[in-house]
Amino acid sequence: MRSVLVHTVNPLFYVDIRKSGKIISGKPTSTPDFATDYKNSNKCVQKFAFALLCEVPFWKDEHEVKSIIASWVPDFYFPAVFVLGENKMFGHRTQSLIVDVNNKGVVDAGMIIEFAATGQVKNPSIINVVTREALKVNVSLNAGDVIKINTNFGEKSITKIVEGIGTNAFKFLDDEYDVFLQLHPGQNLLRYDAEEGLELLNVYISKSNFYVDEVAK
């Protein structure tokens with residue numbers, strides 16, 4: 001039993017604790033301290049304790065929530081009826097350029113922003129219309145290209161994905177804007193844009209909320 005615990009609680013590796021759909025991660029500061037008295041250390045019971053050093057000292061949603069800011073919505077369904085002389089709509093573009101992304105946590109949260117091009121797109125950007133915080137990438141995208149921006153603590157990166165291959169695209173970040181946009185607690189009204197090809201840009205946001213305890217809703 002002790003050998004399993006020593007192998008699991010290792011200062012070289014992160015430990016994830018999950019409860020009520022929430023998770024907190026950290027590195028043990030040492031291997032476990034084991035009780036030695038017979039009552040707490042025998043063939044049936046082994047009490048132990050260890051401490052975790054958490055870079056982000058909050059519980060967060062175990063699974064990220066992905067929001068679609070801009071995309072094509074499918075309208076085609078079965079059974080389908082085609083009337084001679086009438087147009088048939090197979091899909092439509094979402095009309096609003098602004099979406100409300102709600103951070104239900106207690107602190108600012110990072111996110112993963114994906115700019116996905118379905119045609120030629122130039123210099124995509126996203127802005128918080130209330131705080132005026134913004135993020136812009138000066139890059140030209142072709143159909144199928146994706147810019148993936150991670151603004152989470154300790155994971156900040158910008159990646160350009162072409163034909164499934166990702167490369168570092170940090171150099172394309174416009175330095176006149178905030179480097180890594182955060183979601184503030186409560187409502188975040190975000191607007192997407194592009195200098196060219198706005199109608200050919202799909203935008204997705206993935207995020208987790210951060211809580212003080214694991215039972216927060």
Side-chain angles (χ1 to χ4, degrees), residues 8-30 50-70 98-116 123-139 146-161 166-193 202-217:
T8 303
V9 183
N10 188 321
L12 297 177
F13 305 105
Y14 281 93
V15 172
D16 295 336
I17 300 176
R18 293 177 171 85
K19 186 177 181 181
S20 304
K22 309 294 186 295
I23 184 173
I24 190 169
S25 300
K27 278 189 175 182
T29 56
S30 65
F50 65 92
L52 286 180
L53 180 62
C54 301
E55 297 171 349
V56 180
F58 297 98
W59 292 83
K60 69 175 184 177
D61 296 324
E62 184 174 358
H63 302 291
E64 290 185 331
V65 177
K66 190 168 187 176
S67 302
I68 302 175
I69 295 184
I98 299 176
V99 66
D100 179 10
V101 180
N102 190 13
N103 177 4
K104 298 179 180 179
V106 296
V107 295
D108 289 353
M111 56 187 152
I112 296 177
I113 305 167
E114 294 180 67
F115 294 123
N123 300 348
S125 62
I126 189 167
I127 183 172
N128 185 317
V129 299
V130 176
T131 65
R132 309 309 296 173
E133 298 165 301
L135 187 152
K136 181 180 180 182
V137 185
N138 294 322
V139 64
V146 176
I147 288 289
K148 186 175 182 179
I149 305 168
N150 191 336
T151 75
N152 286 295
F153 176 81
E155 303 175 8
K156 295 178 173 62
S157 63
I158 301 177
T159 305
K160 183 178 181 181
I161 303 172
T167 57
N168 189 336
F170 203 95
K171 63 182 179 181
F172 298 119
L173 181 67
D174 193 318
D175 57 13
E176 292 185 8
Y177 294 82
D178 293 321
V179 177
F180 290 102
L181 196 64
Q182 299 287 298
L183 295 172
H184 305 302
Q187 291 182 320
N188 293 263
L189 298 178
L190 303 181
R191 185 185 191 280
Y192 70 96
D193 201 356
N202 291 342
V203 185
Y204 309 93
I205 287 181
S206 301
K207 56 93 176 177
S208 292
N209 302 310
F210 291 89
Y211 311 95
V212 174
D213 59 75
E214 77 281 5
V215 296
K217 299 297 184 181

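Residues Pro124 and Val139 form a side-chain contact, since some pair of their non-hydrogen atoms from C-beta on lies under 4.5 Å apart. Side-chain contact between Tyr211 and Asp61 is present, with heavy atoms from C-beta onward closer than 4.5 Å. Residues His184 and Asn128 form a side-chain contact, since some pair of their non-hydrogen atoms from C-beta on lies under 4.5 Å apart. Side-chain atoms of Asn209 and Val65, non-hydrogen and from C-beta on, never get closer than 4.5 Å to each other. The shortest distance between side-chain heavy atoms of Phe115 and Ile126 falls below 4.5 Å.
A distance of 9.0 Å separates CG in Asp213 from NZ in Lys22, rounded to the nearest 0.5 Å. Rounding to the nearest 0.5 Å gives a distance of 12.0 Å between NZ of Lys27 and SG of Cys54. Taking CZ of Phe180 as the reference point, atom CG of Leu135 lies at 7.5 Å (rounded to 0.5 Å). The NZ atom of Lys207 lies 10.0 Å from the CD atom of Glu64; values are rounded to the nearest 0.5 Å. In this structure, the separation between CD1 on Ile17 and CG on Leu52 is 5.0 Å, given to the nearest 0.5 Å. To the nearest 0.5 Å, atom NZ of residue Lys160 and atom CG of residue Asn168 are 12.5 Å apart.
In this structure Asp108 satisfies the salt bridge (charged side-chain N to carboxylate O under 4.0 Å, His left out) test with no other residue, sequence neighbours excluded. Shown here are the salt bridge (charged side-chain N to carboxylate O under 4.0 Å, His left out) partners of Lys66, two or more places apart in sequence or in another chain: Glu114.
Closest heavy-atom contact between Ser30 and Val9: O-CG1, 4.1 Å. Ala169 and Ile147 make their closest contact through CB-CD1, 4.4 Å (heavy atoms, listed as atom of the first residue, atom of the second, distance). When all heavy atoms of Gln182 and Gly110 are compared, the closest pair comes out as OE1-N, 3.4 Å. Counting all heavy atoms, side chain and backbone alike, Gln187 lies closest to Asn102 at N-OD1, 3.9 Å.
In terms of modelled atom types and a separation under 3.5 Å, the side chain of Asn188 and the main chain of Val101 share a donor-acceptor contact. Counting only distance, with no hydrogens or angles, the side chain of Asp174 and the backbone of Lys136 share no donor-acceptor pair below 3.5 Å.
Using cut-offs of 30° and 60° on the angle between ring planes, the pair Phe210 and Phe58 is perpendicular.
Among Ile112, Thr151, Asn150, the one residue that satisfies the side-chain contact (heavy atoms from CB on, under 4.5 Å) test with Ser157 is Asn150.
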